[in-house]
Amino acid sequence: MADLHVNLAGLQLSNPVLAASGCFGFGREYNEFYPIRQAGGIMVKGLTLEPCAGNPTPRIAETPAGMLNSIGLQNPGVDAFLSNELPWLLSQEAAVIANINGHALEDFEEIARRLQGAPGLKAIEVNISCPNVSHGGMFFGTDPAMASEVTRRVRKHTSLPLIIKLSPNVTDITEIARAVVSEGADILSLINTLLGMAIDVKTRKPLLARKVGGLSGPAVKPVALRMVWQTAQAVDVPIIGMGGISSAQDALEFLMAGASAVAVGCASFVDPLAIPRIIGDLNAWLDREGFAGVRDVVGLALR
Amino acid sequence: MADLHVNLAGLQLSNPVLAASGCFGFGREYNEFYPIRQAGGIMVKGLTLEPCAGNPTPRIAETPAGMLNSIGLQNPGVDAFLSNELPWLLSQEAAVIANINGHALEDFEEIARRLQGAPGLKAIEVNISCPNVSHGGMFFGTDPAMASEVTRRVRKHTSLPLIIKLSPNVTDITEIARAVVSEGADILSLINTLLGMAIDVKTRKPLLARKVGGLSGPAVKPVALRMVWQTAQAVDVPIIGMGGISSAQDALEFLMAGASAVAVGCASFVDPLAIPRIIGDLNAWLDREGFAGVRDVVGLALR
Amino acid sequence: MKAIHQASLLKNRALAPQLYEMELLAPQMASVSKPGQFVMVRIGENQDPLLRRPFGLAGIDPESGRIRLVYQVVGRGTDQMSHWRTGRTVDVLGPLGNGFTWTEDPGRVILAGGGLGIAPLLPLAQALRSAGKEVTVFLGSRTESLLFGIPEFSELGCELQLATEDGSQGFKGFLTTPLEHFLCAQALDAVFLKAKEASEAGAGHAHVHTHAMLREGMKETGFHQLYACGPSPFLKVIGNLSSRYGLPAQLSFEERMACGVGACMGCAIQIKNPDGTLKTSRVCSDGPVFTGEEVHWNG
Amino acid sequence: MKAIHQASLLKNRALAPQLYEMELLAPQMASVSKPGQFVMVRIGENQDPLLRRPFGLAGIDPESGRIRLVYQVVGRGTDQMSHWRTGRTVDVLGPLGNGFTWTEDPGRVILAGGGLGIAPLLPLAQALRSAGKEVTVFLGSRTESLLFGIPEFSELGCELQLATEDGSQGFKGFLTTPLEHFLCAQALDAVFLKAKEASEAGAGHAHVHTHAMLREGMKETGFHQLYACGPSPFLKVIGNLSSRYGLPAQLSFEERMACGVGACMGCAIQIKNPDGTLKTSRVCSDGPVFTGEEVHWNG
Ligand SMILES: Cc1cc2nc3c(=O)[nH]c(=O)nc-3n(C[C@H](O)[C@H](O)[C@H](O)COP(=O)(O)OP(=O)(O)OC[C@H]3O[C@@H](n4cnc5c(N)ncnc54)[C@H](O)[C@@H]3O)c2cc1C
Ligand SMILES: Cc1cc2nc3c(=O)[nH]c(=O)nc-3n(C[C@H](O)[C@H](O)[C@H](O)COP(=O)(O)OP(=O)(O)OC[C@H]3O[C@@H](n4cnc5c(N)ncnc54)[C@H](O)[C@@H]3O)c2cc1C
Ligand SMILES: Cc1cc2nc3c(=O)[nH]c(=O)nc-3n(C[C@H](O)[C@H](O)[C@H](O)COP(=O)(O)O)c2cc1C
Ligand SMILES: Cc1cc2nc3c(=O)[nH]c(=O)nc-3n(C[C@H](O)[C@H](O)[C@H](O)COP(=O)(O)O)c2cc1C
Ligand code: FES
Ligand code: FES
């Protein structure tokens, strides 16, 4: 048994394989497949200040080795999260990370304020990269000044480890990474989805009701990996890598590229047992290759 | 028989399915599978001023539904193109488009100068988006000011239809599109490859000798389509759409998103007959759906 | 614990051009599945096509451990499925969603299936017949060859009414037309009967068919539930008929799905809360069956 | 015109754990293929895995219209191939590249195959034997079970020398060691023989084995060509031996490929021009066979 524990700037996790936000709800569904405390951490569905109904359907389109989604942050709101979801998650002994979203800078601040002091909450992940909402969303994550400002504001209101989730839809991800780290981000998570589109040739219209959506899945893995690799060389904070991870081999690619932990998104849709499978295979690989701990793999390909 | 002819700002082509640069050499190889004049046009392998040996190997890595390449513009140079390749291509009655590349602004100018007046050459495509060279390349295509400058300089030296090939590795592709159109680009082609990476878990090193490479193939189609769709709404010049096209359905998605023609890249590797197959299927589809010409499909999904 | 099943493919044959049935040996799944539930089938081991494909359960046999799917080839996933040979292992996730519900007492019910929506009505009819109900089944499709299940429904002793868009079998047109005629006739008959009884008893009634009267009549017929599955415009008409005739409906919906288990929020549907406000529910885990009353029909 | 072939899968069986042979019916291809050429096999119809996989031709039979591949399961493409059942259609592009060359006269040649590099030597040995040559074959692999072709080479009347890294069969270690011993012994024998003849004829020679002497000796042996296929470090050693002993070598290379036909420039190899300058050639279309002399070994 290799040591799978990781410590990301104070965020202690039993293993480095997390559930990516929006791909695991609030854990209830996959808890019917395995005890969700097995996941290194759970980044819950993106929270907004008020409950949010999300976008019209179709919200899902399959693409080659990937999928587009335009959920639009459907969620019960931060207060319902605190009263209904968080207690249940903690009763399952899950390591919970709140993913927060805003249409305006004040929204981020207010959510952070409400989450401050929530017993048991492990960290806050700030989504400045959602491509599926018209106001805010990705807009905050594609401009270094805006990204800095969001980080600065949230930092003021939280003492929890602060994760900033970066958008891949930028010319230079290291610029944004440096900007948010200088404002107090403890950890970076990347990548969110790539802005994409699919057209239904039959109806001659975009397949998604909202026309564009976020691309994720194996198709984006090379882009995600490159960005993790670039970012790991640009900043000194730990990185949670994600984008197309569906096997322990994929996870190892991200770890070797410099991520300290990884998150699994739509692979859970394809294989509900993806997370425990990846953890098991990762462990077996580390043992076989003679690594004492998963930490020893981090950044191997950077040398 | 639907009318497949297209006229892109004076660039007259017998059909809208072109061979993408770097995926068709100088036509000789695929001419052993079918008469290459069947292609709507051939964008030849990227030319540099001097012959170029390219990058070390491995230059190729497969990724989910895609591939990474880091060829590094291996080519015989513009003069050898003019003396050996162009005459042969013209003898095959191919519609030839020269893809040009530079490490410095002066390189682009000089190549354009040498190509000016080359009998039979149909157009110039300026590659300001190659991710596989250290100097120049993508650097020109990710900054609006640089992109404008390259366009302005090449425009001075050529009377041929001027195609600027855009990089997808940017925050806002419409910004670059507008910049180059304002400097005289007649046509835009997009997308070039997305910067990506793959790691060999066995060797714990990047799979490509040059570490990063350009991602293309079906995986990138949703991103390419979105960018074509955005660009078609932002500028008034015709667009040659590409990125992951491997079937007539794919081609139709791009046409409906606003492209006036499309280019087929690595699909030819998988199926050497991809281009004639797509032309045939496109024609059959147009007939079946009652379109008189392919032009009538362009932009249908924009409405 | 929910689970993924590695089922053995026992049968995979064409019922008509582009229409197939598949039988899978999946004893654990067969033992817990209910009519109206569905499964998600994995197409290949590679990353493309990526997502599982959802199919309603068209047969559930706990005794033999078999489940049955009926599917139409509409794209590359179903195309590939149609080439699978028996003996192969199929990766199936399920049963998913909540099925139809019914009471274990006699009574009269109507089933309406449009296109592939016929599939989940097969095990439902079986269950309803076992519960002792009188079952009238309306089946509709584009053309005769795509109508399936007729022998099964007949064997179960269901009354059958058919419709095809091209008129190749039964009524020519949409299924909802004969269904409406049927409901109307049943309700009116009951109204007349009551009127007759009433007039025989000496009372006098004006013969105006108000909606209230039709609903009143419907109650008399003994029909107490409508079940439907099919494309959403079809379900909308059924939902309308349901409220017009005061006949409660259970409608099974389809939506593009990614996870199938309720985690991704991909398959949203607008549902009315009792207080009239709207909430977004998930077709996969809150449905796929919703009552006609609770669905908010937009547009 | 080059073409893609829809070949019928006649045989697909394990030779050893993870080692398979495949026979395909592809008459047109079998009729034009030459030893040393290769094919690109499409793995599936979906977009993943995307690229074709290259395999050397391990058998070419124009009479029966068959070609043969021997492949090792190293990743998901070859893993999937190993599950293909006979009767299936396989999409094969080829023959590609330039094969080995030889003269149609007797003489002695050496073949050296490391690992899967044994495969293309099989049809080559056949052709060389038909041309009347004396063929000595060196085969090496990691372990005994991965050595293949031994009966075929024997039947053709080739002399065989074996090596395995784990010593389970033949020499323990790399194949290049017994090969070097063999070359050295042959050359020295010839040198001694000549020296003996010379001394018998009265002349006196110092017994120092200079490289020039070995090359001189090699000429006397009648060996005039070395053919090799295997991993590139192995080919590098062979290239070295070739120049040390003045024995011309034809080396078959592998490189990551995308198109396989010369269009993408993915499979570059550095080749020396006659004037000493370097040029970048393509393994797929300019090779995969290059002479030991022309290859530029970097590092
Ligand atoms: C709960 C549920 C139950 C279903 N039951 C059945 C059934 O019993 N039999 C049956 O034949 N089909 C059923 N479907 C539809 C079936 O899932 C789709 O036909 C199938 O996923 C298409 O896959 P494909 O790869 O062949 O098509 P694709 O190539 O993915 O798409 C082709 C076309 O199929 C349709 N389609 C794709 N995905 C879906 C989807 N999730 N839901 C509806 N339509 C879709 C679209 O019109 C699309 O243009 C059901 C769908 C749902 C959501
Ligand atoms: C001209 C040529 C002839 C070949 N002949 C044979 C043969 O006769 N028998 C045989 O078993 N193999 C042969 N190979 C190697 C064979 O192509 C690879 O083993 C195969 O492509 C691996 O596919 P995969 O999907 O199983 O592995 P992947 O999952 O794609 O990769 C697994 C590993 O296989 C190796 N590999 C992948 N692609 C190539 C490639 N193009 N060339 C070399 N190694 C690669 C790498 O080490 C990689 O890490 C040949 C390769 C070339 C270029
Ligand atoms: C259906 C869906 C919903 C998502 N919702 C969110 C969200 O609410 N907040 C967020 O930060 N990221 C969200 N994401 C992005 C994922 O967390 C992840 O960054 C992305 O999907 C890449 O990982 P993957 O390729 O493993 O899916 C969502 C992704 C999907 C597919
Ligand atoms: C092997 C390879 C070489 C390429 N070389 C060039 C090039 O020289 N010049 C250029 O503008 N684009 C080059 N490209 C990019 C393609 O022209 C095209 O923009 C990209 O591959 C997307 O199309 P596809 O997904 O159909 O391959 C190359 C792509 C590949 C795969
Ligand atoms: S398909 Fe994911 S919530 Fe329904
Ligand atoms: S593989 Fe494309 S040139 Fe050799």
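Letters A, B, ... are given to chains in the order of the sequence lines, protein chains preceding strands, and every chain is numbered from 1. As the structure is a prediction and not an experimental result, all values here were calculated from the model.
- Considering every non-hydrogen atom in both A:L195 and B:Q230, the closest pair reads CD2-NE2, 4.0 Å.
- When atom types are taken as modelled, the side chain of A:R226 and the backbone of B:M197 share no donor-acceptor pair closer than 3.5 angstrom.
- If you measure heavy-atom distances from B:L300 to chain A, the contacts under 4.5 Å come from both the backbone and the side chain.
- Of the listed residues (A:A219, A:P222, A:G196), the one with the most heavy-atom contacts under 4.5 Å to chain B is A:P222.
- Most heavy-atom pairs under 4.5 Å with chain B, from the set A:V223, A:V228, A:T203: that is A:V223.
- Highest contact tally toward chain B, considering only A:L302, A:V297, A:L215, is held by A:L215 [criterion: heavy-atom pairs under 4.5 Å].
- How far CD1 of A:I199 is from NZ of B:K221: 9.5 Å, rounded to the nearest 0.5 Å.
- Ranked by non-hydrogen atom pairs under 4.5 Å with chain B, the options A:A198, A:G244, A:A65, A:P64 are led by A:P64.
- Counting only heavy atoms from C-beta outward, the side chains of A:V201 and B:M256 approach each other to under 4.5 Å.
- Both the backbone and the side chain of A:L225 come within less than 4.5 Å of a heavy atom in chain B.
- In this structure, B:R204 does not pair ionically with A:E253, as no charged nitrogen and carboxylate oxygen lie closer than 4.0 Å.
- For B:T171 and A:T142, the side-chain atoms include no donor-acceptor pair closer than 3.5 Å.
- Between A:K205 and B:A301, the shortest heavy-atom contact is CA-CB, 4.3 Å.
- Looking only at heavy-atom pairs under 4.5 Å with chain A, the residue among B:G217, B:P168, B:P206, B:P218 that has the most is B:P218.
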